There are 2 protein chains.
Amino acid sequence: MLVHIDQKSQTPIYEQIIKQIKELKVKGILQVNEKLPSVRELSSILLVNPNTVSKAYQELERQEVIVTLRGKGTFISDQPVSNLDSKKMEELKKTIKQVLIEAKYYGVSKEQLTEWLDELDKELGGGTDVKSSKLK
Amino acid sequence: MLVHIDQKSQTPIYEQIIKQIKELKVKGILQVNEKLPSVRELSSILLVNPNTVSKAYQELERQEVIVTLRGKGTFISDQPVSNLDSKKMEELKKTIKQVLIEAKYYGVSKEQLTEWLDELDKELGGGTDVKSSKLK
DNA sequence: TTAAGTGTACCATTTGATATAGTACATTTA
DNA sequence: TAAATGTACTATATCAAATGGTACACTTAA
């Protein structure tokens, strides 16, 4: 299975699922309109409670990453990403700020962080650019 | 007071304290060997429990950001930052990866993130470069 | 129509982190 | 000695997270 749960992690299981589904979509491993495992199926694979998977799916739908159809299943959304949300922008910037502060404590320069960004962008970019692919 | 607590935040109070002390040090607002408010003093200022402040101070000392001396008080550490910790490096990289994935969902480009890094670096850089200042 | 699979909605319980409250102790300073 | 300091300890309350179980509405396929 593509999703992997770390039970020892301090990150909640449902958040781990959310992050990994997003990553798989950005990478293009999960294609638009592709069907995801059912709540029960994924829960039995990951050995977690169905409610936990359901919680992850509900949050993913709220973020318009996936679409759920009663009785049919859950699918990768083909809808455009919601408009630029200033709140989200601020969150991103705050997170980056914290990363930068942390980095300074370990002698990691801004330039190093920028290099990592380049690396990771290539690593992820092999898939689909979620935003622009919706606008064509 | 320089530290400000947001009771509504989902971030634990002790973590808010940790982050802000670090930021103040990176900015140079808190200088090396400078005395911090006592546990009881800061707790009464912030209207939080002394144990909560103590927890923050203990974690900050574990990270070698501050030094505590029994009966004397707590001070900004003048010790060199601990050697580059590969675990910490991985954590930073993971966080950046998540930020990048999030950014892609909101049409924020890698270049935009890089710009923010530059901005924030200047904003913080007015203070002292923690790492290099120890090596002179 | 029936049966299976789907997401969803409940409820109850457990666990762990967080925060508070209170007390006490060892150390340092004035 | 007295005050201030960090620390340790116990107890309690709250909340998020996760689990377990049951049930319902809808869709699909036999």
Side-chain angles (χ1 to χ4, degrees), chain A residues 1 3-21 30 33-79 91 98, chain B residues 1 3-21 30 33-79 91 98:
Chain A
M1 181 50 192
V3 177
H4 168 261
I5 298 303
D6 180 5
Q7 291 283 355
K8 309 170 198 167
S9 171
Q10 71 294 354
T11 304
I13 293 175
Y14 80 96
E15 276 192 26
Q16 293 186 43
I17 296 174
I18 291 172
K19 288 183 177 179
Q20 292 187 49
I21 297 290
L30 287 179
N33 290 328
E34 186 170 343
K35 190 177 185 301
L36 290 175
S38 72
V39 168
R40 291 171 180 80
E41 189 180 352
L42 186 54
S43 70
S44 67
I45 292 175
L46 301 181
L47 300 179
V48 299
N49 195 279
N51 289 337
T52 302
V53 176
S54 179
K55 184 174 183 180
Y57 276 12
Q58 288 180 45
E59 175 60 19
L60 281 169
E61 182 173 34
R62 196 195 64 79
Q63 295 183 23
E64 300 181 3
V65 175
I66 64 178
V67 171
T68 64
L69 300 179
R70 273 198 165 188
K72 299 182 69 175
T74 62
F75 306 85
I76 296 295
S77 169
D78 63 347
Q79 293 301 311
E91 282 182 21
Q98 282 305 320
Chain B
M1 181 51 192
V3 176
H4 170 261
I5 298 302
D6 179 5
Q7 290 284 356
K8 309 171 196 164
S9 171
Q10 72 293 352
T11 304
I13 295 174
Y14 79 96
E15 274 192 27
Q16 294 184 42
I17 297 174
I18 291 173
K19 288 183 177 179
Q20 293 186 49
I21 297 290
L30 288 180
N33 291 328
E34 185 170 345
K35 190 175 184 306
L36 290 174
S38 71
V39 169
R40 290 172 180 80
E41 190 181 351
L42 185 55
S43 71
S44 68
I45 292 174
L46 302 180
L47 300 178
V48 299
N49 193 278
N51 290 336
T52 303
V53 177
S54 179
K55 184 174 181 179
Y57 277 12
Q58 287 180 43
E59 176 60 19
L60 282 169
E61 183 173 34
R62 197 195 64 77
Q63 295 181 24
E64 300 181 3
V65 175
I66 64 178
V67 171
T68 65
L69 300 178
R70 271 199 165 187
K72 298 183 70 175
T74 62
F75 305 85
I76 297 294
S77 170
D78 63 348
Q79 293 300 312
E91 282 181 21
Q98 283 304 321

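Sequence lines set the chain letters: A, B, ... in the order given, protein chains first and strands last, and positions in each chain run from 1. In this text the structure is predicted, and so the values were computed from the model without any measurement.
The structure places CD1 of I17(A) at 12.0 Å from OG1 of T11(A), a figure rounded to the nearest 0.5 Å. If you take CG on L30(A) and CD1 on I76(A), they are separated by 4.5 Å, rounding to the nearest 0.5 Å. Once rounded to the nearest 0.5 Å, the distance linking CD of E61(A) with CD of Q58(A) reads 8.0 Å.
Separating the OH atom of Y14(A) from the P atom of dG7(C) is a distance of 20 Å, rounded to the nearest angstrom. Taking atom CG of L69(A) as the reference point, atom P of dT28(D) lies 9 Å away to the nearest angstrom. Atom pair L36(B):CG and dG6(D):P shows a separation of 9 Å (rounding to whole Å applied). The interatomic distance linking R70(B) (CZ) with dA26(C) (P) rounds to 9 Å, in whole Å. Distance L42(B) CG to dA4(D) P: 17 Å, rounded to the nearest Å. Nucleotide dA18(D) holds its C1' atom 15 Å from the CG atom of D6(A), rounded to whole Å. The distance from atom CD1 of I5(B) to atom C1' of dT20(C) is 15 Å, rounded to the nearest whole Å. The CD1-P distance, from I13(A) to dT14(C), rounds to 19 Å in whole Å.
Taking side-chain N and O atoms only, T68(A) has a distance below 4.0 Å to OP1 or OP2 of dT8(C). Not one side-chain nitrogen or oxygen of T74(B) sits closer than 4.0 Å to the OP1 or OP2 atom of dT5(D). For the pair Q7(A) and dA18(D), the criterion of a side-chain N or O lying under 4.0 Å from OP1 or OP2 is not met. Put simply, S38(B) has no side-chain N or O that comes within less than 4.0 Å of OP1 or OP2 on dA4(D). Within the structure, every side-chain polar atom (N or O) of Y57(B) is placed at least 4.0 Å from both OP1 and OP2 of dG6(D). OP1 or OP2 of dG7(C) has not a single side-chain nitrogen or oxygen of K72(A) nearer than 4.0 Å.
Side chain of T52(B), nearest nucleotide from dA19(C), dC9(D), dT7(D): dA19(C). In the set dA21(C), dT27(C), dT6(C), the nucleotide with an atom closest to the side chain of N49(B) is dA21(C). The side chain of K55(A) lies closest to dA17(D), out of dA17(D), dA21(C), dT5(D). Side-chain atoms of N51(A) lie closest to dG21(D) of the nucleotides dG21(D), dG6(D), dA19(C). Of the candidate nucleotides dG6(D), dA8(D), dC24(D), dC24(D) has the atom nearest to the side chain of R40(A).
Where E61(B) and V48(A) meet DNA chain D, the nucleotide closest to each residue was compared, and E61(B) sits on the side nearer the 5' end. Between G71(A) and E15(A), the one whose closest nucleotide on DNA chain D sits nearer the 5' end is E15(A).
Between V65(A) and E59(A), every side-chain heavy-atom pair lies at or beyond the 4.5 Å cut-off.
Contacts of Q58(A) with the nucleic acid, taken as non-hydrogen atoms under 4.0 Å apart, involve only primed sugar atoms and P, OP1 or OP2.
Summarising the geometry of H4(B) relative to Q16(B), their closest heavy-atom pair is O-OE1, 4.0 Å, with the distance given to 0.1 Å. Pairing each heavy atom of N33(A) with each of F75(A), the nearest pair is O-CD2, 3.7 Å.
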